[in-house]
Peer 1: 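Before anything else, here's the structure in question.
Positions are given from 1, in the same order as the sequence printed here. As the structure lists them, so they are numbered: ligands from 1, and atoms in each ligand from 1. Atoms considered below: every heavy atom in the structure, side chains included; atoms not considered: hydrogens, waters and symmetry mates.
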Amino acid sequence: IDSVIPLQSRELWKKHEVKKFNNGDEFQRKFIQHVETTLARSLYNCDELAAYEAASESVRDNLIIDWNKTQQRVTARDPKRVYYLSLEFLMGRALDNALININTGDEGDETSREMISDAVEQLGFRLEDVLDQEPDAALGNGGLGRLAACFVDSLATGNYPAWGYGLRYQYGIFAQKIIDGYQVETPDYWLNLRNPWEIERSEIQVRISYYGHVHREQGSSTLSPSSWIGGEQVLAVAYDMPVPGFKTTTVNNLRLWSAKPTTEFDFAKFNDGDYTNSVIDQQRAESITAVLYPNDNFESGKELRLRQQYFWCAASLHDILRRFKKSRKPWKELPDQVAIQLNDTHPTLAVVELQRILVDLEKLDWHEAWEIVTRTFSYTNHTVMQEALEKWPVGLIGHLLPRHLEIIYDINWFFLHDVEKKFPKDVDLLSRISIIEESSPGRQVRMAHLAIVGSHKVNGVAELHTELIKTTIFQDFVNIYGAGKFTNVTNGITPRRWLRQANPQLAQLISETLEDKSDRYLLEMSRLTGLAKYADDLEFQKRWDDVKYHNKVRLADLLCRLNGGVDVISRDHIRDTLFDIQVKRIHEYKRQQLNIFGVIHRYLSMKEMLAEGASIQQVAAKYPRKVSFFGGKSAPGYYMAKLIIHLINSVAAVVNNDREIADLLKVVFVADYNVSKAEVLIPASDLSQHISTAGTEASGTSNMKFVMNGGLIIGTVDGANVEITREIGEENIFLFGNLAEDVEELRYKHRYHNVPLPETLSRVLSVLESGAFSPENVSEFQPLVDAVRQHGDYYLISDDFESYLASLALVDDVYHNQRSTWLRKSILSVANVGFFSSDRCIEEYAETVWNVEPIRET
Ligand code: OAK
C-alpha cells in the first residue's frame with residue numbers, strides 16, 4: 001500500500017505500534033488516561049457521564065485499530081465492495097453493542113463484556129448506569145432505518161467489505177412528549193454532548209453543486225458530454241462511525257455526510273460591501289443536514305428533502321469512484337468492483353449522477369455508460385403504499401439539478417423506445433410505466449420506475465410483499481424484464497443486539513442449555529433448534545418463565561423511573577399478568593386503533609358483567625390480568641395518527657383509574673419509543689401485536705424481535721408473519737383476520753354497500769361517540785368512528801374485529817389456564833427463529849444480488 005513515510009522510518013512506526021487493551025487492567029489504564037487527557041477531568045470530578053465517555057473512548061481505541069487493519073486489508077486485496085445507501089440508520093446506542101462485539105482474549109475465556117463490567121466496577125461505577133448515559137443515535141424513523149442498522153452489523157460480522165453511506169443529521173427523530181395525552185414533538189439535538197463514536201474526517205470534503213445551467217457544444221444533443229455549471233455550492237464533510245463485527249476483527253465503516261459552507265463568498269455581495277449577509281448566506285448550507293424528515297411510509301415532497309438526497313448521493317458516489325479509480329481499472333469493470341444497494345428510492349438520484357459522471361466527465365458513450373450503471377445498482381422496495389411512493393415535480397428537479405433532468409428524460413426515452421419495440425402500439429402500457437407521469441398540475445418523476453430501470457435487481461422484503469409488488473405496482477415491469485429481475489430477500493434482525501444485548505438473561509440460559517459457552521449460536525442460529533427438546537421439560541419451563549418474569553420487572557422498573565419514581569403498574573401480580581405490547585410507528589395501516597378498540601371492548605364487557613351482578617372473581621375468570629402497552633411516534637403532520645395516540649391515553653386515564661375493575665386491566669402508553677426502550681420492552685412481552693391490514697405491512701421486523709425474545713404473536717396474515725408462521729409452526733402463533741387476496745373485494749363492498757358492523761364494534765363506536773373517553777370534547781374521536789362507519793373502513797377494522805376478539809380470548813385462555821402449553825410455544829418459537837437473523841439475509845444479498853465474497857483475516 002502506498003505511503004508517504006520513507007522506508008527507513010517504517011521500522012520506527014512498527015516499534016511504537018499502538019496496541020489494543022487485552023485485559024481489565026489495560027482497559028482501566030486507558031480509561032483513566034482518557035478521563036485525564038481527553039476529558040480533562042480527574043478522580044475528583046468523574047461522574048457517570050464522564051465514565052461513559054472515557055469507557056467509550058477506550059473501547060473506540062480498540063475498534064479503530066481493527067478498523068484501520070480492516071481498511072488496509074481491503075485496500076490490499078481490492079475485492080468487490082458493497083455500498084449500502086440509506087437515508088436512515090437507526091443505530092441506537094453503541095457502547096454496549098461494542099462491548100459484545102469487540103475481541104479480547106481467546107474463545108471460551110471470560111467475555112470482553114464481563115471483563116469490562118468488572119473493570120468498570122472496580123473503578124467505582126456500575127456498568128448498567130454508565131451505559132444508560134448514552135443518547136440514542138436516532139437517525140431514522142422506523143423499520144427501514146433500523147433494518148439498515150441491522151444490516152451493517154451483519155455485513156461486518158460476515159466479513160464483507162462493505163460501507164454504509166448516510167447523512168449526519170444534527171437533529172434525529174424528534175423526542176416525543178405526551179402532554180395532556182397529546183403527542184408533542186421536541187427536538188433531538190443528540191450531538192449536544194461530544195460523540196465518541198464518530199471520527200470527523202475534515203480532510204474528506206466533496207463539493208456539491210445545485211442550480212446553475214448546462215452548456216454543450218453547438219448542435220450536439222443531450223446525450224453528448226455536457227457541462228453543468230452549478231450555482232450554489234456546499235461542502236460535504238465525512239464523519240465515520242466504526243461498525244464492529246461479532247467474533248471477528250472486521251470493523252467496517254458507516255460514513256455520514258455533514259453539510260458545511262464553502263470558504264468562498266458570494267463575491268457580488270462581498271464587493272457591494274455586504275460582508276455580513278454574504279457570510280449569513282453561506283451559513284444556510286448547514287441546513288441541508290440539519291434535520292431528519294420525520295415521516296414513515298410517507299413522502300412529503302419538500303425541496304429541502306430533494307437537496308438532502310442529491311447532497312448525499314453525489315458525495316457518496318464521488319467517494320466510491322475515488323476509491324475505484326485508485327485501482328486504475330477500466331470503467332467497464334466498475335460493476336465487478338462495486339455493488340450499490342438503494343435502500344428504497346431515496347438514493348435513486350445516484351443512478352442519474354453516475355450516468356452524468358460517466359458521460360459528462362469521463363466521456364463514455366451513453367450506452368456504454370448506461371450498461372455500467374445498471375450493472376452497479378440494485379434496489380429494495382419497502383412499501384406498496386401509494387402515499388409513500390416518491391414522486392418529484394419535473395420543474396423542481398429541473399431547477400435544482402438541470403443536467404440531471406435532461407439525463408432522466410434521455411433514460412426514459414431509451415427505456416420507452418425499447419418497450420415499444422417489444423410491445424408495439426401499447427400506448428397505455430407506455431404511459432403506465434413511463435418514468436415521467438403526465439399528471440396535473442404538472443409532470444412528475446416516478447422515482448420507483450427510475451430505480452427499477454436503473455438497477456439489475458429489484459427486491460421485496462418478505463415473500464408476500466415480493467409477490468404483491470410483482471403482481472400490482474411493478475407488474476408491467478415483470479412483463480417487460482421477466483421475473484428474474486425481481487427477487488425476494490426476507491428481512492432479518494441482528495441477534496447480537498436483539499437477543500444478547502437486549503436480553504442477557506435469556507442469552508445466558510440459551511448458551512448454558514446449548515452448552516455453547518462462547519455464544520456461537522449468535523452466528524449459527526440453527527443451533528437454537530437444540531432448545532426444542534426442552535420444550536416440555538417442566539424444570540426448563542420454570543427457568544424460561546423466570547427469565548420472562550425478570551424482564552417484566554425490568555420493564556416495570558424502567559416505567560417507574562420514567563414516571564418520577566411512582567409505579568405505573570402494580571408489582572403484586574406481575575407473574576400472572578399478561579404483558580401485551582404493540583410498539584411501532586403509529587399508522588392507520590398498522591391499526592393501533594383496532595387494538596385500542598379491542599381494549600375498550602374488554603373494558604366495557606368487564607363493566608357490563610359487574611353491572612349485571614357478577615363478582616370480580618367471575619370477571620377475572622373471563623378477563624384475566626392484562627396490561628396493554630402501546631408505544632410509537634406519529635408523523636407530526638399526521639392528524640389521524642395523533643388522534644389515535646390521544647385516544648389511547650384517554651382510554652388509559654379512564655381504565656387505570658377505575659377502582660371497580662381492581663387492576664385487572666391497565667393501559668400504558670410508553671412515551672418516546674426508541675431503540676433503547678425497545679431493548680427493554682421487547683424482552684418483557686408475553687404477547688405482541690402485528691395486526692396490519694393484510695397486504696399493507698411489507699415485512700415488519702419487530703415481529704421477529706419479539707419472537708426471538710420468547711414472546712408470542714397475535715397477528716394478521718401479512719408481511720413476514722407468514723414466514724414466521726412457517727418457521728415456528730402455526731400452532732405457536734395467533735393468526736386472525738382476512739387475507740390480502742380478499743382486501744380489494746372487501747373495500748369495494750364497503751364503498752358501494754351498507755355493510756352492517758358487528759355488534760361488538762358498534763358498541764365500542766357508540767361509546768366513543770358518547771364522549772365517554774372525551775368528556776371535555778364529546779366529538780373529539782368522531783373522525784375515528786367515521787373512518788369506519790362513513791368513509792368505507794379502508795383499513796377493514798370492522799371485517800377483522802370479531803376474529804381479532806376471538807383470537808385474544810384464546811390468548812387469555814392459553815396464558816392463564818394452560819401455562820405449560822404457553823411456555824412450550826414460547827420455547828419452540830425461539831428454537832425455530834434462526835431464519836430471521838440478518839446474517840442469513842445479508843448472505844442472500846451477497847450471493848443473489850451483489851455477487852460479493854467475505855474477506856477473511858489471513
Ligand atoms: C419508510 C419510508 C418510505 C418507504 C418505506 C419505509 C419503511 O420504513 N418501510 C418499512 O420497511 C421495513 C423494512 O423493510 C419493513 O419491515 C416494514 O414493513 C416497512 O413498513
Peer 1: When you check ligand 1 against the protein, what N or O pairs turn up below 3.5 Å? List the atom names and distances, or just say none.
Peer 2:
from: ligand 1; atom 1: 8 (O); to: Leu144; atom 2: N; distance (Å): 3.1
from: ligand 1; atom 1: 9 (N); to: His382; atom 2: O; distance (Å): 3.3
from: ligand 1; atom 1: 14 (O); to: His382; atom 2: ND1; distance (Å): 2.6
from: ligand 1; atom 1: 14 (O); to: Asn491; atom 2: OD1; distance (Å): 2.8
from: ligand 1; atom 1: 16 (O); to: Gly700; atom 2: N; distance (Å): 2.8
from: ligand 1; atom 1: 18 (O); to: Glu697; atom 2: OE1; distance (Å): 2.6
from: ligand 1; atom 1: 18 (O); to: Ala698; atom 2: N; distance (Å): 3.3
from: ligand 1; atom 1: 18 (O); to: Ser699; atom 2: N; distance (Å): 3.0
from: ligand 1; atom 1: 18 (O); to: Gly700; atom 2: N; distance (Å): 3.0
from: ligand 1; atom 1: 20 (O); to: Asn297; atom 2: ND2; distance (Å): 3.0
from: ligand 1; atom 1: 20 (O); to: Tyr589; atom 2: OH; distance (Å): 3.1
from: ligand 1; atom 1: 20 (O); to: Glu697; atom 2: OE1; distance (Å): 3.0

Peer 1: Cation-pi check, Arg840 to Phe835: give yes when NZ or CZ is under 6.0 Å from the six-membered ring centre and within 45° of the ring axis, no otherwise.
Peer 2: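 Verdict for Phe835: a cation-pi partner in Arg840.
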Peer 1: Go through the structure and list residues passing side chain to side chain donor-acceptor pair (under 3.5 Å) with Ser316, not counting sequence neighbours.
Peer 2: Trp257
Peer 1: Do the rings of Trp163 and Tyr83 sit parallel, tilted or perpendicular, given the 30° and 60° boundaries?
Peer 2: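 Because their plane-to-plane angle is over 60°, the rings of Trp163 and Tyr83 count as perpendicular.
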Peer 1: For the side chain of Glu679 and the backbone of Gly92, is there at least one donor-acceptor N/O pair under 3.5 Å apart?
Peer 2: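 No, because the side chain of Glu679 does not come within donor-acceptor range (under 3.5 Å) of the backbone of Gly92.
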Peer 1: Taking the six-membered ring of Phe477 as reference, does the cationic atom of Lys485 (NZ for Lys, CZ for Arg) lie under 6.0 Å from its centre and within 45° of its axis?
Peer 2: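 Relative to the ring axis of Phe477, which defines the angle, Lys485 lies outside at least one limit.
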Peer 1: Evaluate whether atom OH of Tyr794 has more than 12 neighbouring non-hydrogen atoms of other residues, nucleotides or ligands under 6.0 angstrom away.
Peer 2: no
